Amino acid sequence: MQYYGQLIIGPAGSGKTSYCNILQEGSFKRNIEVVNLDPAVDFIPYKCAVDIRELICLSDVMEELGYGPNGGLVYCMEYLLQNWNWMQEQLNNIAQDDYVLFDCPGQIELYSHIDMMRKLAQFLVYSGFSISSVYLVDINFIEDDAKFLSGLLMALSASMALELPAFTVLQKIKRYIKLHKFNQQSEYANQYEFSKSFKFFTQKISELVTNIGIGRLLYLDISDDESIDNLLGEIDYAIQFGDNLEPDDKLYDHTEQQL
Ligand SMILES: Nc1nc2c(ncn2[C@@H]2O[C@H](COP(=O)(O)OP(=O)(O)OP(=O)(O)O)[C@@H](O)[C@H]2O)c(=O)[nH]1
Ligand SMILES: [Mg+2]
């Protein structure tokens with residue numbers, strides 16, 4: 001069995017859950033199922049195909065075992081890996097053509113300091129998933145050079161640790177542009193125009209990320225379907241999603257006319 005999807009990672013508040021929700025609500029030529037892997041979350045806006053909290057949740061661990069929030073989270077993720085059969089059973093209910101998003105917790109120690117998420121990624125691959133990691137970085141980090149660079153380096157280190165096809169995504173770009181009144185007729189995917197220094201800086205970082213070979217640096221705003229389509233297109237290509245889908249009628253008609 002072959003499944004396709006994304007492991008959505010990134011720091012707290014970077015927009016992981018909102019991204020999953022928008023993708024599930026929208027129409028992006030696929031049926032999207034979301035798996036919640038955050039045992040600490042109170043409210044989930046999307047319809048969950050699998051929810052880790054049915055196996056274990058952080059508040060119970062803190063109450064019953066006396067752990068703090070971070071130790072408790074590590075315990076929960078370890079528990080999930082030890083009980084992977086449970087996850088495997090839940091995933092068996094997902095149809096083969098469904099596209100699965102894994103909404104992960106925001107504590108980046110899980111990716112960079114301990115190899116728990118790498119094991120989880122391996123389990124998914126063994127379970128038949130062709131999956132990429134998508135690391136969301138809040139574009140507002142760009143306000144501060146040191147913060148931005150450290151954000152991207154964290155993305156690099158987490159992506160390398162996971163050993164999956166990887167994408168680093170600057171998120172909330174539209175709001176950022178609005179706040180800074182950039183001219184919106186631009187070069188990035190024909191949408192945005194940046195100041196010259198900004199463009200140069202991101203281009204250099206993008207080259208660095210691409211040269212290291214662990215994934216492209218892309219832009220996203222969940223309020224902009226075109227930016228989501230662009231991102232999905234890149235990821236589809238990397239994980240080879242859609243190779244088995246029916247051809248697009250419009251594209252077919254157009255090609256036929258050209259012939
Ligand atoms: N303008 C704008 N706001 C966004 C975007 N994505 C997320 N947000 C907002 O950012 C905030 C945090 O979003 P979440 O989706 O909860 O972030 P998260 O990464 O799941 O956070 P944790 O689960 O705590 O790690 C929310 O208030 C969202 O409404 C975006 O693309 N544009
Ligand atoms: Mg979240």
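Order of listing sets the numbers, starting from 1, for every ligand and every atom in it. Computed from a prediction, not measured in an experiment: that's the story for all the values here.
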Exercise. Under 6.0 Å between ring centres, would you say that holds for Tyr99 and Tyr4?
Worked result: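 Ring-ring flag for Tyr99/Tyr4: false, centres at least 6.0 Å apart.
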
For this session: Select the closest option to atom 10 (O) of ligand 1 among Lys172, Gln171, Lys16, judged by heavy-atom distance.
Result: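 Shortest heavy-atom distance from atom 10 (O) of ligand 1: Lys172.
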
For this session: Using heavy-atom distances, let me know which of Ala40, Pro45, Cys104, Ser18 sits nearest atom 26 (C) of ligand 1.
Result: Ser18

Problem set entry | Flag if over 12 foreign heavy atoms under 6.0 Å of CZ, Phe123 |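 Atom CZ in Phe123 is packed in, count exceeds 12.
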
For this session: May I ask you to check whether over 12 heavy atoms, not counting those of Asp42, lie within 6.0 Å of atom CG?
Result: no

Exercise. With a 4.0 Å cut-off on heavy atoms, is Ser14 touching ligand 1?
Worked result: yes

Exercise. Do any heavy atoms of Gly13 fall under 4.0 Å from ligand 1?
Worked result: yes

Exercise. Any N/O of Gly15 closer than 3.5 Å to an N/O of ligand 1?
Worked result: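 Yes, Gly15 has an N/O under 3.5 Å of an N/O on ligand 1.
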
Exercise. With sequence neighbours left out, what residues match Lys147 under salt bridge (Lys or Arg N to Asp or Glu O under 4.0 Å)?
Worked result: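 Salt bridge (Lys or Arg N to Asp or Glu O under 4.0 Å) list for Lys147, sorted by chain: empty.
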
Exercise. When rounded to the nearest 0.5 angstrom, what distance separates CG in Leu37 from CD1 in Ile52?
Worked result: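 These two atoms lie 6.0 Å from each other.
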
Problem set entry | For Gly106, atoms of ligand 1 separated by under 4.0 Å from a heavy atom | 25 (O)

For this session: Give every protein N, O or S atom lying under 2.8 Å from the Mg ion (ligand 2), naming each by residue and atom.
Result: Thr17 OG1

Exercise. Does the Arg53 side chain pair with the main chain of Asn36, one donor and one acceptor, at a distance under 3.5 Å?
Worked result: no

For this session: Kindly say whether Asp221 contributes a backbone atom to a donor-acceptor pair with the side chain of Ser227 at under 3.5 angstrom?
Result: yes

Problem set entry | Pairs touching residues 56-65 that satisfy side-chain hydrogen bond (donor to acceptor under 3.5 Å, both in side chains), sequence neighbours left out | none

Problem set entry | Selection residues 7-17 - residue pairs positive for side-chain hydrogen bond (donor to acceptor under 3.5 Å, both in side chains), sequence neighbours left out |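 Checked against side-chain hydrogen bond (donor to acceptor under 3.5 Å, both in side chains) - neighbours excluded - the pairs reaching residues 7-17 are Thr17-Asp103.
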
